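Please read the structure below before turning to the comments.
Note that these values count all heavy atoms, side chains included, but never hydrogens, waters or copies made by symmetry. The chain is numbered in sequence order, starting from 1. Only a predicted model underlies this, so the values are computations on that prediction, with no experimental measurement involved.
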Amino acid sequence: GTECHFCIKIEPLIERLQKEEGITITKLECWHNDANNALREKMDDVDCGGVPFFVNEKTGKKHCGWMDYEELKEWALGGKKGLDKKKKDK
């Protein structure tokens, strides 16, 4: 959202990554868009509960919150950075 400090702060890093690596990161506004927020809640099986919330569609890895450029790049390119789906209690 326009009010999210971390979303605003990470925006230039996302733009840089897209330009340098030729990848697309789709951004969805969740604070003022109920449909997008419902999608975020549905995809949030790692208990993030907020934004920024990243989902790598190729790897399934998710990330919650701030990342520096190198962490963002590793996550986006399929590295180890990111969270797997939480395991359900048995």
Query - Donor-acceptor under 3.5 Å (Glu70 side chain, Leu72 main chain) - result: no
Query raised in the report: Does any donor atom in the side chain of His32 or Glu3 lie under 3.5 Å from an acceptor atom in the other side chain?
Result: yes
Query raised in the report: According to the salt bridge (charged side-chain N to carboxylate O under 4.0 Å, His left out) rule, which pairs have a member within residues 32-42, sequence neighbours left out?
Result: Arg40-Asp44
Requested in this report: Applying side-chain contact (heavy atoms from CB on, under 4.5 Å), name anything that partners Glu57, two or more places apart in sequence or on another chain.
Outcome: none
Report task. Output yes when a side-chain donor or acceptor of Asn36 lies under 3.5 Å from a complementary backbone atom of Glu29, and no otherwise. Result -> yes
Query raised in the report: Roughly how far, to the nearest 0.5 Å, is the NE2 atom of His63 from the SG atom of Cys48?
Result: 8.5 Å
Report task. Mind checking side chain to side chain donor-acceptor pair (under 3.5 Å) for Lys27 and listing every partner two or more places apart, or none if nothing turns up? Result -> Glu11
Requested in this report: If a pair satisfies ring pair (Phe, Tyr, Trp, His ring centres under 6.0 Å) and one of its residues is in residues 38-61, list it, with sequence neighbours excluded.
Outcome: Phe54-Trp75
Review item, side-chain donor-acceptor pairs of residues 12-20, under 3.5 Å, at least two apart:
| unit_1 | atom_1 | unit_2 | atom_2 | d |
| --- | --- | --- | --- | --- |
| Arg16 | NE | Glu20 | OE2 | 3.0 |
| Gln18 | OE1 | Ile25 | N | 2.8 |
| Glu20 | OE1 | Tyr69 | OH | 2.6 |

Report summary line: Those residues at least two apart in sequence (or on a different chain) that pass side chain to side chain donor-acceptor pair (under 3.5 Å) with Glu21 are Lys73
Query raised in the report: Less than 4.5 Å apart, any side-chain heavy atom of Cys4 and any of Trp31?
Result: yes
Query raised in the report: Has the side chain of Asn56 got a donor or acceptor atom that lies under 3.5 Å from a matching backbone atom of Ala76?
Result: yes
Requested in this report: Please step through side chain to side chain contact (heavy atoms under 4.5 Å, CB included) for the pair Leu28 and Leu39, ending with a clear verdict.
Outcome: CA-CA 9 Å; Leu28 301 176; Leu39 177 61; 3.7 Å; yes
Query raised in the report: Looking only at heavy atoms, what is the nearest atom pair of Asn37 and Cys30, with distance?
Result: CB-O, 3.3 Å
